[in-house]
Engineer: 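Got a structure for you, written out below as structure tokens; questions coming shortly.
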Amino acid sequence: MEAFPIKTNVESEKNARINPQFENVSVHDPSIIKVDDTYYVFGTHVTAAKSKDLMKWTRFTNGYTTPNNTLYGDMSANLAETFKWAGEDDANCKGGFGVWAPEPFWNKDYLHKDGTKGAYMLYYSASSTPIRSAIGFAVAKEIEGPYQYVDTLIYSGFTRDDAYDKRSNVNKKWSNTNILQLIKAGEIKNKDAKVDWFHPDGAYNNSMYPNAIDANLFYDETGKLWMTYGSWSGGIFILELDKESGRAIYPGEDGVTEDGRIIDRYFGTKIAGGYRKSCEGPYVYFDTETKFYYLFVTYGWLGANGEYQMRVFRSKKPDGPYVDISGQDAVLKPEHAFMGVETTDLNGTHDTDHAPFGNKLFGHFQFVENVEEEVGYNYVSSGHNSVYVDVENNLRLLVFHTRFLNRGERHELRIHQLFMNGDAWPVVAPSRYTGESLQEIRKDQIIGTYQFVNHEKDISKVVKKTTAITLQEDGTIAGSTQGSWKLINKYQAEINIAGQTYKGVFLQQWNEVTEQVDTAFTALSNEGKSIWGIRI
């Protein structure tokens with residue numbers, strides 16, 4: 001589909017060598033927002049940076065400094081209500097802090113105590129263990145803060161009875177969260193804790209219910225405000241928010257969606273993952289051109305030796321069901337075996353391999369210009385993305401952090417352009433964004449030899465190294481992979497390899513391998529596998 005109008009290709013005729021200027025920054029779990037002419041990304045460990053051009057970034061925060069914290073002022077005092085449960089000098093963050101993955105959001109409807117409207121909101125995560133966490137939010141009238149605490153919305157990791165984690169004085173009993181207050185206020189109808197929030201021994205049921213981190217806010221087509229959130233253990237959930245207060249509208253009663261997903265009285269509706277399968281960093285946006293809601297999540301372990309990678313699903317409704325290109329639900333299905341025993345549970349299985357689920361945007365890769373080159377252009381463990389869409393300027397951007405080969409745990413912010421293929425699925429440009437746009441491209445600009453990578457569908461630490469293929473004038477592909485290719489409707493690509501059809505785009509893009517502008521392609525198969533090519 002031709003989602004946005006295209007521009008005529010002029011400068012790429014010359015294949016002019018350019019030298020884009022980058023100033024890189026480390027912002028983990030970046031979430032992007034634009035204010036006036038400036039782009040901001042906010043991330044884990046109270047980091048944030050800004051840029052005018054999406055290439056040169058400057059950090060403006062001072063990390064966990066307190067009391068003079070750039071974003072939160074006296075952070076320990078300001079966020080104290082959340083820290084009573086998790087995130088400061090406790091358990092895994094003993095001697096420090098665990099404040100992660102904030103979501104910046106401009107809410108024009110937010111009602112301040114003084115009667116004025118409009119606020120920048122930060123929905124932050126505070127975590128002490130992989131299951132004991134909380135999501136709170138703070139507001140400010142200026143994007144750079146300072147932000148003032150308002151409320152803590154969701155708690156996770158609570159237990160049925162009194163219990164404590166190692167190196168912690170926090171009593172994890174469920175009544176020490178906000179649930180009891182919600183019951184008293186009538187926002188939750190049931191008068192006691194839900195039985196299946198807990199395992200038989202009273203521990204938190206983190207195979208079914210989420211780790212309360214990674215909030216993401218979005219408006220649906222009708223103007224309702226939603227929050228997705230959750231992490232690897234129990235999956236991803238969604239709640240509607242009250243626009244004036246920024247607080248959650250809890251379902252209040254348990255239920256089941258028409259397609260069989262759980263609606264929990266407290267956590268909301270499940271939309272992805274579950275049963276201790278890696279799935280975190282949800283990000284949903286509504287695309288005004290395609291009329292789909294797109295759900296991005298990240299699979300795998302985030303370290304340089306991990307398997308971190310982004311996947312995408314889509315839905316016609318904000319609360320799902322979200323499916324991949326094969327029609328598979330983002331929530332694992334009950335027909336799979338659960339720990340060797342058949343189950344009729346609504347939310348999936350512990351031991352299912354979830355690699356087949358979701359369109360894989362890309363995984364670990366390594367582009368090299370020649371066989372002697374050892375490292376070249378590479379990413380490993382890329383993920384936890386946000387998306388920026390500018391309809392007026394025909395732009396969709398994937399914003400994420402990545403690590404690199406032979407650089408340890410060092411990570412940096414990266415931004416790549418997203419395009420919609422002929423079936424309205426997003427595909428990712430092979431190289432980072434330097435201001436390029438989709439343009440009409442000629443057949444003679446496509447013919448040539450490419451460094452090629454097939455990202456496949458695996459969840460693994462394997463770095464996919466590029467091989468050489470040639471897109472020939474007669475529409476065939478020769479080299480390490482054989483097949484055929486077509487140019488359709490000015491810039492759309494259709495590539496056939498090993499019996500699979502991949503749909504995407506051809507584009508002229510700055511090439512990080514050769515450091516010049518040349519042709520590249522990105523495409524997606526009907527199995528949810530992505531391929532990239534960079535002409536050399």
Side-chain angles (χ1 to χ4, degrees), residues 1-16 290 325-326 359-362 365 367-371 377 416-431 436-457 464-514 516-536:
M1 65 176 294
E2 190 168 307
F4 288 141
I6 63 172
K7 301 178 181 179
T8 303
N9 185 354
V10 177
E11 289 301 317
S12 60
E13 292 271 354
K14 304 174 183 178
N15 193 26
T290 69
I325 197 168
S326 300
N359 303 351
K360 183 179 175 182
L361 293 178
F362 64 90
F365 67 85
F367 278 89
V368 292
E369 191 171 4
N370 54 67
V371 294
Y377 165 46
H416 286 227
Q417 197 163 176
L418 282 173
F419 307 104
M420 290 294 168
N421 74 3
D423 295 326
W425 284 107
V427 293
V428 183
S431 297
E436 74 277 353
S437 61
L438 273 183
Q439 303 169 331
E440 184 172 354
I441 195 165
R442 301 189 314 268
K443 187 175 180 180
D444 65 279
Q445 294 173 302
I446 297 172
I447 297 166
T449 298
Y450 290 73
Q451 285 293 307
F452 168 79
V453 62
N454 189 333
H455 293 285
E456 300 291 347
K457 203 69 180 285
K464 304 290 195 305
K465 296 184 179 181
T466 55
T467 59
I469 65 171
T470 301
L471 274 57
Q472 302 187 118
E473 187 175 3
D474 64 358
T476 60
I477 297 174
S480 63
T481 297
Q482 287 80 47
S484 62
W485 66 276
K486 292 179 183 178
L487 171 63
I488 302 171
N489 294 336
K490 302 176 182 178
Y491 60 82
Q492 291 180 351
E494 186 175 296
I495 297 171
N496 291 280
I497 296 170
Q500 291 293 313
T501 299
Y502 295 77
K503 295 181 181 180
V505 299
F506 293 107
L507 70 151
Q508 292 276 300
Q509 187 177 33
W510 179 75
N511 182 334
E512 193 157 337
V513 179
T514 62
Q516 64 182 21
V517 173
D518 209 333
T519 304
F521 65 78
T522 173
L524 178 75
S525 79
N526 56 14
E527 293 182 332
K529 298 177 181 179
S530 295
I531 56 173
W532 286 353
I534 295 177
R535 193 167 76 160
I536 58 171

Engineer: Taking salt bridge (charged side-chain N to carboxylate O under 4.0 Å, His left out) as the test, write out the residues that go with D474, two or more places apart.
Structural biologist: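 Once residues adjacent in sequence are excluded, D474 has no partner under the salt bridge (charged side-chain N to carboxylate O under 4.0 Å, His left out) criterion.
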Engineer: Taking only residues two or more places apart in sequence, or in another chain, which ones meet F419 in a ring pair (Phe, Tyr, Trp, His ring centres under 6.0 Å)?
Structural biologist: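 F419 satisfies ring pair (Phe, Tyr, Trp, His ring centres under 6.0 Å) with no other residue.
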Engineer: Side chain to side chain contact (heavy atoms under 4.5 Å, CB included) for W485 and I446? Distances and angles first, verdict last.
Structural biologist: CA-CA 10 Å; W485 66 276; I446 297 172; 3.8 Å; yes
Engineer: Please name the pair of heavy atoms, one in L487 and one in K443, separated by the smallest distance, quoted to 0.1 Å.
Structural biologist: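 Smallest interatomic distance, heavy atoms only, reads CD2-N, 4.2 Å.
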Engineer: Go through the steps for E494 and T501 under the test side chain to side chain contact (heavy atoms under 4.5 Å, CB included), then give the verdict.
Structural biologist: CA-CA 7 Å; E494 186 175 296; T501 299; 3.7 Å; yes
Engineer: Kindly say whether K360 contributes a backbone atom to a donor-acceptor pair with the side chain of K457 at under 3.5 angstrom?
Structural biologist: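 No; zero donor-acceptor contacts below 3.5 Å.
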Engineer: Which pair of non-hydrogen atoms, one from P430 and one from G533, has the smallest distance, and what is that distance?
Structural biologist: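 In this case the closest contact between P430 and G533 is CG-O, 4.1 Å.
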Engineer: Could you tell me which non-hydrogen atom of P426 sits nearest to which non-hydrogen atom of M420, and how far apart they are?
Structural biologist: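 Heavy atoms only, the tightest pair is N-SD, 3.7 Å.
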Engineer: Output the distance between atom OG (S437) and atom CD (Q508), rounded to the nearest 0.5 Å.
Structural biologist: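 The distance works out to 10.5 Å.
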Engineer: Which atoms form the tightest heavy-atom contact between D444 and R535, and what is the distance?
Structural biologist: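 The pair with the smallest heavy-atom distance is O-NH1, 3.7 Å.
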Engineer: Return the set of residues passing ring pair (Phe, Tyr, Trp, His ring centres under 6.0 Å) with W532 (not counting sequence neighbours), or none when no residue passes.
Structural biologist: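 Once residues adjacent in sequence are excluded, the partners of W532 under the ring pair (Phe, Tyr, Trp, His ring centres under 6.0 Å) criterion are F362, F365, H455.
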Engineer: By side chain to side chain donor-acceptor pair (under 3.5 Å), which residues pair with K503, not counting sequence neighbours?
Structural biologist: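 Testing K503 for side chain to side chain donor-acceptor pair (under 3.5 Å), a comparison that skips the adjacent residues, returns D423.
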Engineer: Checking E512 now: which residues fulfil side-chain contact (heavy atoms from CB on, under 4.5 Å) with it, not counting sequence neighbours?
Structural biologist: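 side-chain contact (heavy atoms from CB on, under 4.5 Å) check on E512 returns Y377, R432, W510.
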Engineer: Tell me, please, which residues at least two apart from F452 pass ring pair (Phe, Tyr, Trp, His ring centres under 6.0 Å).
Structural biologist: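 Scan of F452 (ring pair (Phe, Tyr, Trp, His ring centres under 6.0 Å), adjacent residues dropped) gives none.
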Engineer: What do the steps show when you test I447 against L471 for side chain to side chain contact (heavy atoms under 4.5 Å, CB included), and what is the final call?
Structural biologist: CA-CA 5 Å; I447 297 166; L471 274 57; 5.8 Å; no
Engineer: Holding to side chain to side chain donor-acceptor pair (under 3.5 Å), I want the full list of residues that pass it with Q472, two or more places apart in sequence or in another chain.
Structural biologist: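 Q472 satisfies side chain to side chain donor-acceptor pair (under 3.5 Å) with T476 only.
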Engineer: Can you see which heavy atom on T290 is nearest to which on A424, and at what distance?
Structural biologist: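 Reported closest heavy-atom pair: CG2-CB, 4.0 Å.
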Engineer: Could you give the distance from CD1 (I495) to OG1 (T481), rounded to the nearest 0.5 Å?
Structural biologist: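 Output value for this atom pair is 11.0 Å.
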Engineer: Can you name the residues that form a side chain to side chain donor-acceptor pair (under 3.5 Å) with T470, not counting sequence neighbours?
Structural biologist: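 In terms of side chain to side chain donor-acceptor pair (under 3.5 Å), with neighbours along the sequence ignored, T470 is linked to T449.
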Engineer: Determine whether more than 12 heavy atoms belonging to other residues, nucleotides or ligands lie under 6.0 Å from atom CD of Q482.
Structural biologist: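 Check passes, neighbour count above 12.
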Engineer: Which atom names give the shortest non-hydrogen contact between H416 and A429, and what distance separates them?
Structural biologist: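 Closest pair (atom of H416, atom of A429, distance): ND1-O, 2.8 Å.
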Engineer: Restricting to side-chain contact (heavy atoms from CB on, under 4.5 Å), what partner residues turn up for I325, sequence neighbours left out?
Structural biologist: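 For I325 the side-chain contact (heavy atoms from CB on, under 4.5 Å) partners, ignoring immediate neighbours, are N359, W425, L524.
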Engineer: Side chain of Q417, backbone of E436: donor and acceptor closer than 3.5 Å?
Structural biologist: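 It does hold such a pair.
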Engineer: Sequence neighbours excluded, which residues qualify as salt bridge (charged side-chain N to carboxylate O under 4.0 Å, His left out) partners of E527?
Structural biologist: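 So E527 forms a salt bridge (charged side-chain N to carboxylate O under 4.0 Å, His left out) with K529.
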Engineer: Does some side-chain heavy atom of Q439 sit less than 4.5 Å from a side-chain heavy atom of L507?
Structural biologist: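 They are not in side-chain contact.
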Engineer: Can you tell which of I488, I441, N421, T522 makes a side chain to side chain contact (heavy atoms under 4.5 Å, CB included) with V505?
Structural biologist: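 Exactly one option meets the side chain to side chain contact (heavy atoms under 4.5 Å, CB included) with V505, and it is T522.
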Engineer: Answer yes or no: is there a donor N or O on one side and an acceptor on the other, between the side chain of N489 and the main chain of Q492, under 3.5 Å?
Structural biologist: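 Checking the backbone N and O of Q492 against the side chain of N489, no donor-acceptor pair under 3.5 Å is found.
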Engineer: Residues two or more places apart in sequence or in another chain: which of them pass ring pair (Phe, Tyr, Trp, His ring centres under 6.0 Å) with F521?
Structural biologist: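 Only Y450 meet the ring pair (Phe, Tyr, Trp, His ring centres under 6.0 Å) criterion with F521.
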Engineer: By side chain to side chain donor-acceptor pair (under 3.5 Å), which residues pair with S431, not counting sequence neighbours?
Structural biologist: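 S431 satisfies side chain to side chain donor-acceptor pair (under 3.5 Å) with no other residue.
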